[in-house]
Participant: 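A single structure is presented below for examination.
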Amino acid sequence: MLLADLAQVSGDVAATSARSQKIALLAGLFRAAAPEDAPVVIPYLAGRLPQGRIGVGWSVLREPVAAADRATLTVREVDAALTALARVAGAGAQGERRRLVRELLAAATEDEQRFLIGLLTGEVRQGALDALAVEGLAAATQVPPADVRRAVMLAGSLRDVARALLAEGPQALAEFRLTVGRPVGPMLAQSAKSVAEAVERLGACAVEEKLDGIRVQVHRDGPDVRIHTRTLDEVTDRLPEVTAVARALPATRFILDGEVIALDGAGRPVPFQRVAGRFGSRVDVSAAHAALPLSPVFFDVLSVDGRDLLELPGEQRHTELSRLVPEPLRVRRCVVRDPADAAARAAAEDFFAATLRRGHEGVVVKALDAPYSAGRRGAAWLKVKPVHTLDLVVLAAEWGHGRRTGKLSNLHLGARGPDGGFVMLGKTFKGLTDATLGWQTERLRELAVRDDGHVVTVRPELVVEIAYDGLQTSSRYPAGVTLRFARVVRYREDKTAAEADTVETVLAAHAGGEE
DNA sequence: TTCCGACAGTGGGGTCGCAAT
DNA sequence: ATTGCGACCCCACTATCGGAA
């Protein structure tokens, strides 16, 4: 199959907004793909490389390459070229990768180049990723989408399922069962504004600590322990202490879901930044380990002694968990059996407050009767975190990309400094409706003093209310801190810049506590 | 007919490892 | 030794489609 066919379909998919149409287009191409092409074609049209990220980014792709005028590249040629490229390493690797990429692009037409660059940067922007590729695969093979989706979740891989399905037919899906040693997509949580709202939405529920660390899925099969992240990357080598914990538990085959954090001498959690630093250390793990030991804390069990627990209600899985994992290795929790019981609701609020006092991020409220929905962000788990707000001044804004092209999108945010100037605390593009986006573009253009084509600097007059999750240390910004997860709540046209919050108040609000 | 679940998009900051400077 | 780049941790929020209610 020619790469041009993929580029064509990708363009067609991007051109329609109807999901049904996108799925039909994908299915059409999957049907036309030869069995040897399918393991490449399907990830490509899900916007991903089968090799994963291969060390090619914007700096390599920045300079344009003259396009070919005839489409000759086959999908398999491209895959072979990228496989070779992914293997390049060592001194001179940058230059060699650059040469290989440019060679590939020179053989591609303009449309093919656009598609390849999208794949390499992870920005195909066709309005279809894994989920719609699964639907397309189901349509192409005439298998119920739910069956394919389930197999993909349990296999942790669209490509493997596609290969099996196309080679062996629908019965191949039965092979994809929960298997110790093979990671599954972790269940994710939605957000709620308060514990009261979460309890209201869920009914009978458990309120559990939300720890601010790295999500891990731990598989043990006899002496063999494997640890995977949220995106299913294997990180066993980096977490020897987790392996040791898993080996010490009173069962030999299981899959646990939890979070890895670090505790200081007083038993309080260490800030996420330090945990991430330790977790990211790969060269000398034992030194990093000694400097900051990590502790796993578990909150779910998916399998034990060969029993698949995914379909069990959360409460029964918790019973299994408490049998397998002793107290300090489990998250604390508080159960609300009857949401109509005022005392139980009050206990849940107290638990939330106590969790924050212990230095944790918040809570996750979980329906007692919900199964483990692997790979889904269902409404059965709701996270609740405290939110802070500030009134800050817009110092500049950046031109947006994609659907925000032509709009001023990413705002530079400043607090009032001691000398009457403004101190930048970070940026945000989140929380904006299209209407607000349009409005701020107009307003900021009126206030513009400079436009370098990327950043538009403005007179510091517009005040915007910003929600954020806390401060984190920063080497990038002058105050030495930046806002974590900043997002726009609303513009404060009733306020002047002189009434915005000061750096001093921002720092004081978080003094002594690290949220 | 309206509501709501699932998806995709739009990027944020920090940290590490690696190669280039 | 320092700098720049890419990968990958953490993540919030809105718009949209299309099936459920």
Side-chain angles (χ1 to χ4, degrees), chain A residues 13-14 16-23 46-47 52-60 62 88-98 120-135 149 188-191 211-216 229-231 233 235 238 259-260 271-284 288 361 373 375-379 383 385 387 398 400-405 407 409-413 425-437 466-477 481-489:
Chain A
V13 167
T16 174
S17 65
R19 277 181 202 162
S20 46
Q21 186 62 28
K22 288 177 191 283
I23 292 165
R53 306 311 316 252
I54 59 173
V56 174
W58 277 113
S59 71
V60 181
R62 201 157 30 200
V88 175
Q94 205 86 319
E96 178 63 2
R97 273 206 287 262
R98 189 188 175 78
L120 290 165
T121 58
E123 295 177 7
V124 289
R125 290 179 165 140
Q126 61 180 14
L129 296 170
D130 262 21
L132 293 200
V134 164
E135 298 282 339
R149 198 157 45 225
L188 305 172
Q190 295 180 8
S191 298
L211 309 179
D212 192 12
I214 311 286
R215 181 88 176 260
V216 287
T229 63
R230 192 165 97 73
T231 49
D233 291 317
V235 292
R238 284 188 254 166
E259 191 90 1
V260 163
F272 172 77
Q273 278 173 298
R274 286 191 60 207
V275 176
R278 154 67 167 86
F279 177 75
S281 302
R282 275 158 283 180
V283 168
D284 190 348
E361 194 184 9
S373 313
R376 323 225 61 169
R377 192 179 291 284
K383 55 184 160 186
K385 297 189 283 186
V387 174
E398 296 172 14
H401 299 91
R403 70 185 297 281
R404 291 190 175 187
T405 299
K407 302 281 193 237
S409 174
N410 200 6
L411 303 174
H412 295 199
L413 305 167
L425 285 177
K427 307 181 191 179
T428 186
F429 55 89
K430 298 172 187 168
L432 298 162
T433 61
D434 285 0
T436 305
L437 196 64
I466 298 294
Y468 65 107
D469 278 18
L471 297 183
Q472 52 186 358
T473 60
S474 171
S475 55
R476 178 178 313 217
Y477 293 111
V481 295
T482 187
L483 307 178
R484 195 173 183 202
F485 309 139
R487 58 268 190 195
V488 171
V489 179

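Quick caveat, the model's predicted, so the values are computed rather than measured. To find a chain, count down the sequence lines: A is the first, B the second, and so on, and within it residues start at 1.
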Participant: Need one value for A:L132: base, sugar-phosphate or nothing, where a base atom within 4.0 Å counts as base even if backbone is also close, heavy atoms only.
Facilitator: sugar-phosphate
Participant: Among B:dG12, B:dC16, B:dG13, which nucleotide has an atom closest to any side-chain atom of A:R476?
Facilitator: B:dG13
Participant: For the pair made of CD in A:E123 and P in B:dT10, what is the distance, rounded to whole Å?
Facilitator: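 Atom-to-atom, A:E123 to B:dT10, this comes out as 8 Å.
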Participant: Counting the atoms with a prime plus P, OP1 and OP2 as sugar-phosphate, which does A:V275 contact under 4.0 Å by heavy atoms, base, sugar-phosphate, or nothing?
Facilitator: nothing
Participant: Just so I know, are the side chains of A:V387 and A:R487 near enough to count as touching, which here means a heavy-atom distance under 4.5 Å?
Facilitator: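 Yes, their side chains come closer than 4.5 Å.
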Participant: How close or far is atom P of C:dC13 from atom CZ of A:R377, stated in whole angstroms?
Facilitator: 12 Å
Participant: Quick check: does any side chain N or O of A:T16 sit under 3.5 Å from a backbone N or O of A:V13, one acting as donor and the other as acceptor?
Facilitator: no
Participant: What is the nucleic acid contact for A:A93, judged by heavy atoms within less than 4.0 Å: base, sugar-phosphate only, or nothing?
Facilitator: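 Here A:A93 touches the backbone only, sparing every base.
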Participant: Measure from CD on A:Q21 to P on C:dC17 and round the result to the nearest Å.
Facilitator: 13 Å
Participant: On DNA chain C, nearest-nucleotide positions of A:K430 versus A:D233: which is more 5'?
Facilitator: A:D233
Participant: Between A:R238 and A:F279, is there a donor-acceptor pair closer than 3.5 Å when you use the side chain of the first and the backbone of the second?
Facilitator: yes
Participant: Under 4.0 Å, heavy atoms only, any strand: does A:L120 hit a base, just the sugar-phosphate, or nothing?
Facilitator: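 Nothing, no nucleic acid heavy atom in range.
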Participant: Mind checking A:K22 for me? I need base, sugar-phosphate or nothing, with any heavy atom below 4.0 Å counting as a touch.
Facilitator: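 Nothing, no heavy atom under 4.0 Å.
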Participant: Tell me which nucleotide among B:dA6, C:dC8, C:dC9 gets nearest to the side chain of A:R53.
Facilitator: C:dC8
Participant: Within the structure shown, what part of the strands sits under 4.0 Å from A:E398 by heavy-atom distance: base, sugar-phosphate, or nothing?
Facilitator: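 If one applies the 4.0 Å heavy-atom cut-off, A:E398 turns out to touch the sugar-phosphate alone, with no base involved.
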Participant: Measuring from the side chain of A:R125 (C-beta onward, heavy atoms only), which nucleotide among B:dT10, C:dC9, B:dA19 has the closest atom?
Facilitator: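 For A:R125, the side-chain atoms sit closest to B:dT10.
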Participant: Got a list of protein N/O to nucleotides 3-5 of chain B N/O distances below 3.5 Å?
Facilitator:
none

Participant: Measure from the side-chain heavy atoms of A:V60 and tell me the nearest of C:dG6, C:dA15, C:dC9.
Facilitator: C:dG6
Participant: Would you say that A:F485 contacts A:Q472 through its side chain, given a criterion of any heavy-atom pair below 4.5 Å between the two side chains?
Facilitator: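 They are not in contact (no side-chain heavy atoms under 4.5 Å apart), so the answer is no.
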Participant: So which one's nearest nucleotide on DNA chain B is more toward 5', A:G402 or A:A91?
Facilitator: A:G402
Participant: Which is true for A:G92 with a 4.0 Å heavy-atom rule: it touches a base, it touches only sugar-phosphate, or it touches nothing?
Facilitator: sugar-phosphate
Participant: At 4.0 Å (heavy atoms only), tell me whether A:K383 reaches a base, stays on the sugar-phosphate, or touches nothing.
Facilitator: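 Sugar-phosphate, no base atom in range.
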Participant: Using OP1 and OP2 only, check whether a side-chain N or O of A:R484 sits under 4.0 Å from C:dA12.
Facilitator: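 For A:R484, the contact criterion (side-chain N or O under 4.0 Å from OP1 or OP2 of C:dA12) is not met.
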Participant: For A:R19, is there an ion pair with A:E135 - N to carboxylate O distance below 4.0 angstrom?
Facilitator: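 No salt bridge links A:E135 with A:R19.
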Participant: What does C:dA21 pair with, Watson-Crick or G-U, if both distances are under 3.5 Å?
Facilitator: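 Result: B:dT1.
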Participant: Return the value, rounded to whole Å, for the distance between atom CG of A:L471 and atom P of B:dG12.
Facilitator: 19 Å
Participant: Name the closest nucleotide to the A:S59 side chain, picking from B:dG14, C:dC5, C:dC11.
Facilitator: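 Of the candidates, C:dC5 comes closest.
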Participant: For a quick check of understanding: with a heavy-atom distance under 4.0 Å over all strands, which category does A:T482 fall into, base, sugar-phosphate or nothing?
Facilitator: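 A:T482: backbone/sugar contact only, no base atoms under 4.0 Å.
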Participant: If each of A:G57 and A:V488 is mapped to the nucleotide of DNA chain C with the nearest heavy atom, which maps nearer the 5' terminus, i.e. the 5' end?
Facilitator: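 Comparing both residues, the 5'-ward one is A:G57.
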Participant: Toward the 5' end of DNA chain B, which comes first, A:V283 or A:A128, by nearest nucleotide?
Facilitator: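 Its nearest nucleotide being more 5', the pick is A:A128.
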Participant: Just the rounded figure in Å: distance from P of B:dC18 to CD of A:E96.
Facilitator: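 After rounding, the reported distance stands at 19 Å.
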Participant: Report which part of the nucleic acid A:Q126 touches: base, sugar-phosphate, or nothing (heavy-atom distance under 4.0 Å, all strands).
Facilitator: sugar-phosphate
Participant: OH of A:Y468 versus P of C:dC10: gap in Å, rounded?
Facilitator: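 So the OH-P distance, A:Y468 to C:dC10, works out to 23 Å.
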Participant: Nearest to the side chain of A:N410 - B:dA20, B:dG11, C:dA15?
Facilitator: B:dG11
Participant: Apply the side chain to side chain donor-acceptor pair (under 3.5 Å) test between A:D212 and each candidate in A:R484, A:Q273, A:K385; give the one that qualifies.
Facilitator: A:R484
Participant: Atom CZ of A:F279 to atom P of B:dG17: distance rounded to whole Å?
Facilitator: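 Answer to the nearest Å: 12 Å.
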Participant: Which of these, A:L437, A:L411, A:N410, A:V488, sits in a side-chain contact (heavy atoms from CB on, under 4.5 Å) with A:F429?
Facilitator: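 Single pass found, and it is A:N410.
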Participant: Are the side chain of A:R282 and the backbone N or O of A:G280 linked by a donor-acceptor pair below 3.5 Å?
Facilitator: yes
Participant: What's the CD-P distance between A:Q273 and B:dG13, to the nearest Å?
Facilitator: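 In whole Å, B:dG13 P lies 12 Å from A:Q273 CD.
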Participant: Can you confirm whether A:R278 sits close enough to A:I214 that some side-chain heavy atom of one is under 4.5 Å from a side-chain heavy atom of the other?
Facilitator: no
Participant: Can you tell me which nucleotide in B:dG11, C:dC5, C:dC11 comes closest to the side chain of A:F429?
Facilitator: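 Taking heavy atoms from C-beta onward, the closest nucleotide is B:dG11.
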Participant: Indicate whether OP1 or OP2 belonging to B:dT15 is found under 4.0 Å from a side-chain N or O atom of A:S281.
Facilitator: no
Participant: Among the candidates C:dA15, C:dC10, B:dA8, find the nucleotide nearest to the side-chain atoms of A:D434.
Facilitator: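 It is C:dA15.
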Participant: When you check the phosphate oxygens OP1 and OP2 of C:dC17, does a side-chain N or O of A:S17 lie under 4.0 Å from one of them?
Facilitator: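 A:S17 to C:dC17 OP1/OP2: side-chain N or O found under 4.0 Å.
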Participant: How would you label the contact of A:K427 with the nucleic acid (heavy atoms, under 4.0 Å): base, sugar-phosphate, or nothing?
Facilitator: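 Sugar-phosphate, backbone atoms only, no base.
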Participant: Any ion pair linking A:K407 and A:D434 (charged N to carboxylate O, less than 4.0 Å)?
Facilitator: no
Participant: Counting side-chain heavy atoms from C-beta on, which of B:dG13, C:dG18, C:dC11 comes nearest to A:S20?
Facilitator: C:dG18
